[in-house]
Number of protein chains: 2
Amino acid sequence: MAEEKVIGDGDIDQCDFICVHENVVNQVIKVMPKEQQLLDLADFFKIFGDPTRIRILYVLSQSEMCVCDIANLLQMGQSAISHQLRVLKQMRLVKFRREGKTVFYSLADGHIETILAQGMEHISE
Amino acid sequence: MAEEKVIGDGDIDQCDFICVHENVVNQVIKVMPKEQQLLDLADFFKIFGDPTRIRILYVLSQSEMCVCDIANLLQMGQSAISHQLRVLKQMRLVKFRREGKTVFYSLADGHIETILAQGMEHISE
DNA sequence: TTATTATATGAATATCTGTTCATATGTTTA
DNA sequence: TAAACATATGAACAGATATTCATATAATAA
């Protein structure tokens, strides 16, 4: 059983050999999500990669709230909050209900708080 | 007990009233992480917000691997991988050991796979 | 109806980010 | 020592992103 394997000409970088065993390569190919899943997953996490959106999610973890309230609490412009809520809405992290002129937003599910908590756990080490 | 509260002049947007109860506001202030924590948390999740980095993490979830192997597996340039590994290293998501010319990278802890799995769970709905 | 209020949204802009290219660093081999 | 190789890194560039501004939409009140 060969531990190294010569790489063909078409390869993108300068490496002549690969070090990993073939069965590892096969295993990697097996667990690697499909292209679309990867993109979706990255987009999902990207949402949490912005302080403003994280703030919004924390706020909504306590109570449903209208756009204006969120803007006031976070001391930011209504437009900025509205834009971010749209992103959160598109990613199905928040839901909303209209009541007259006011739109109340809330977290789409409890899953989100778990992910926030898990991230917080990791950075607190 | 008042359900609405007038907002002062210094406020950043046009809203005249806030809808949430004062105790909710206080509760929000209580759970909201400190500024630095928020930034750290956003930076942490930002890592997972890129397909290339997610691919690298999935690859490393199967086996430690050298830079060159990762580049070959993902069909990307060595430099691009190296840059991303630096980001992952800075965020302590991967560790590495040197063996001669080769540097082997591996996941820093099992926590990471949990977070990936949780994200994957969410987008599969 | 018009005026007012809450929210949404398109355009513009400044900043950030990922990849590539060229090159430097560090290690091994000849 | 010099040559070869694996990795790291700075600069440049293209593409993405968050906020602001101006304005549109939608609902209510006068």
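A note on names: the letters A, B, ... follow the listed sequences, proteins ahead of strands, and every chain is numbered from 1.
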Inset, instruction - Just do the side chain to side chain contact (heavy atoms under 4.5 Å, CB included) check on B/Leu57 and B/Leu88 with the steps written out, would you? - result: CA-CA 9 Å; B/Leu57 293 175; B/Leu88 293 169; 4.1 Å; yes

Legend entry - Candidate pair A/Ile47 and B/Phe45, rule side chain to side chain contact (heavy atoms under 4.5 Å, CB included), full reasoning: CA-CA 8 Å; A/Ile47 301 288; B/Phe45 281 120; over 6 Å; no

Legend entry - Interface with DNA chain C, restricted to residues 40-62 of chain A and to heavy atoms under 4.0 Å: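 Contacts with DNA chain C under 4.0 Å: none.
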
Legend entry - Nucleic acid contacts of residues 81-97 of chain B, taken as heavy-atom distances under 4.0 Å to DNA chain C: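 By residue number: B/His83, B/Gln84.
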
Check the distance between [N]'s [atom2] and [X]'s [atom1] and give it to me in whole angstrom.
X        : N      : atom1 : atom2 : result
A/Met76  : C/dT7  : CE    : P     : 15 Å
A/Arg98  : C/dT5  : CZ    : P     : 16 Å
A/Asn72  : C/dT5  : CG    : P     : 15 Å
B/Lys101 : D/dA8  : NZ    : C1'   : 16 Å
A/Leu39  : C/dG18 : CG    : P     : 14 Å

Legend entry - Side-chain donor/acceptor of A/Gln78 to base of C/dA8, under 3.5 Å: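 For A/Gln78, whose side chain was compared with the base of C/dA8, there is a donor-acceptor pair (under 3.5 Å).
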
Inset, instruction - Look at the side chain of B/Ser79 against the base of D/dT7 and say whether a donor-acceptor pair falls under 3.5 Å; ignore hydrogens and angles. - result: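 Such a pair does not exist between side chain and base.
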
Inset, instruction - Could you tell me whether B/Lys95 and B/Glu64 make a salt bridge, using a distance below 4.0 angstrom between a side-chain N and a carboxylate O? - result: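 Looking at B/Lys95 and B/Glu64, the cut-off is not met.
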
Legend entry - More than 12 heavy atoms from other groups under 6.0 Å of CZ on A/Phe96: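 No, because the 6.0 Å sphere around CZ of A/Phe96 holds 12 heavy atoms or fewer from other groups.
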
Legend entry - Under 3.5 Å donor-acceptor, B/Gln75 side chain and B/Asn72 backbone: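 Side chain of B/Gln75 to backbone of B/Asn72, a donor-acceptor pair under 3.5 Å: yes, one is there.
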
Legend entry - CE on B/Met65 to OG on B/Ser106, rounded to 0.5 Å: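 It comes to 10.5 Å.
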
Legend entry - Nearest-0.5 Å distance that lies between atom CE in A/Met120 and atom CG in B/Leu41: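 So the CE of A/Met120 and the CG of B/Leu41 are separated by 4.5 Å.
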
Inset, instruction - Counting heavy atoms from C-beta on, name the nucleotide in C/dT7, D/dC5, D/dT20 closest to the side chain of A/Val67. - result: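 Given the options C/dT7, D/dC5, D/dT20, the side chain of A/Val67 is closest to C/dT7.
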
Inset, instruction - Could you check B/Phe104 against A/Gly100 and say which one's nearest nucleotide on DNA chain D is further toward the 5' end? - result: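 Closest to the 5' end, via its nearest nucleotide, is B/Phe104.
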
Legend entry - Joint cluster assignment, A/Leu39 & A/Phe44, ILVMFWY side-chain distance < 4.5 Å: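 Different clusters.
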
Inset, instruction - Give A/Tyr105 one of three labels, base, sugar-phosphate or nothing, depending on what nucleic acid heavy atoms sit under 4.0 Å from its own. - result: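 If one applies the 4.0 Å heavy-atom cut-off, A/Tyr105 turns out to touch the sugar-phosphate alone, with no base involved.
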
Inset, instruction - Determine whether B/Leu85 and B/Ile70 make a side-chain contact, defined as any pair of heavy atoms from C-beta on separated by less than 4.5 Å. - result: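 A side-chain contact exists here, since the closest heavy-atom pair is under 4.5 Å.
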
